[in-house]
Amino acid sequence: VIEGGIKAFAGRRVLLLQGPVGPFFRRFAADLRAAGCVVHKINFHAGDWVFYPAGTPYRGRMEDWPAWFEARLRELQIDLVFLFGDCRPIHSSAHEVAGRLGIEVSVFEEGYLRPDFVTLERDGVNANSPLTRRPEDYLAAPDRLITIRPMPSAFWRMVWWGFNYYLFGGLGRWRFPHYRHHRPLVLR
């Protein structure tokens, strides 16, 4: 839960990189715009494009990515970057560039605190998370823990979104010839 809700980002100049498979970032961008943000998105392959067609494509080589990204941050005067998973090579180098420029980075991750929920943390998730690793700290502050009504599983929607993401990612490889996914996109 974002303290102050989505309006906490009002007035920010936001750049979205890769998000969860599916329409999450497109919907998130609409909410950010409704809160008064200027939102931009970068797509790295056709699977990204399927769910966010208005994004700017990056078709360059991965070794050229950090310099291209830095120029884009400066050109768009970005002050906040959102990404999903901070260990992907594209995101890792983007996080480094943004940090060097003093640009805030917030990272989404799926369900490591609760299944079927998305977590958002400033600066990193999992091993890069600023959250304490001491369970007693959470138990000592029950008023800070938030209980949310369980949501029905989105399993079949995720299957459908994943199918389309990887199908179009494969079919559209010719449009993004230098993209290297953080996981293999072909069965072996």
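- A pairwise comparison of heavy atoms in Ala29 and Leu16 identifies CB-CD1, 3.9 Å as the closest pair.
- Residues Val38 and Phe9 are members of separate hydrophobic clusters, defined by side-chain heavy-atom contacts under 4.5 angstrom among Ile, Leu, Val, Met, Phe, Trp and Tyr.
- When all heavy atoms are compared, the tightest approach of Asn43 to Gly55 is ND2-CA, 3.5 Å.
- Checked against a 6.0 Å centroid threshold, the rings of Phe82 and Phe28 count as neighbours.
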Handout entry: Arg12 and Leu32: CA distance, side-chain angles, deciding distance, side chain to side chain contact (heavy atoms under 4.5 Å, CB included) verdict
Key = CA-CA 9 Å; Arg12 306 291 296 271; Leu32 288 169; over 6 Å; no

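- A distance-only check finds no donor-acceptor pair linking the side chain of Ser92 to the backbone of Arg88 [under 3.5 Å].
- Of the possible polar contacts, one joining the Asp79 side chain to the Arg13 backbone as a donor-acceptor pair under 3.5 Å is found.
- His40 contributes no side-chain N or O that, together with a main-chain N or O of Leu15, makes up a donor-acceptor pair within less than 3.5 Å.
- Put simply, the side chain of Phe163 does not reach to within 4.5 Å of the side chain of Val21, judged on heavy atoms.
- Summarising the geometry of Trp65 relative to Leu17, their closest heavy-atom pair is CH2-CD2, 4.1 Å, with the distance given to 0.1 Å.
- At a threshold of 4.5 Å between non-hydrogen side-chain atoms, the residues Tyr165 and Asp48 count as touching.
- One finds the CD atom of Glu63 at 11.5 Å from the OG atom of Ser93 (value rounded to the nearest 0.5 Å).
- When all heavy atoms are compared, the tightest approach of Ala35 to Lys7 is CB-CA, 4.1 Å.
- The residues Glu96 and Arg100 are annotated as not salt-bridged, no charged nitrogen and carboxylate oxygen being separated by less than 4.0 angstrom.
- Between the His45 side chain and the Arg173 main chain, no donor and acceptor come within less than 3.5 Å of each other.
- Of all heavy-atom pairs spanning Ala94 and Phe69, the tightest one is O-CE2, 3.4 Å.
- Annotation: cation-pi geometry not satisfied between Arg26 and Tyr52 (NZ/CZ under 6.0 angstrom from ring centroid, within 45° of ring axis).
- Of the possible polar contacts, one joining the Arg59 side chain to the Arg175 backbone as a donor-acceptor pair under 3.5 Å is found.
- Nearest heavy atoms, Leu80 versus Ile78: O-CG2, 3.4 Å.
- The side-chain heavy atoms of Leu73 and Val81, taken from C-beta on, include a pair separated by under 4.5 Å.
- Contact of the Ile90 side chain with the Met62 side chain is registered, since non-hydrogen atoms from C-beta on lie closer than 4.5 Å.
- Here the OG1-CZ distance, from Thr56 to Phe44, works out to 10.5 Å after rounding to the nearest 0.5 Å.
- The aromatic ring centroids of Phe24 and Phe108 lie less than 6.0 Å from each other.
- Aromatic ring centres of Phe168 and Trp49 lie farther apart than the 6.0 Å criterion allows.
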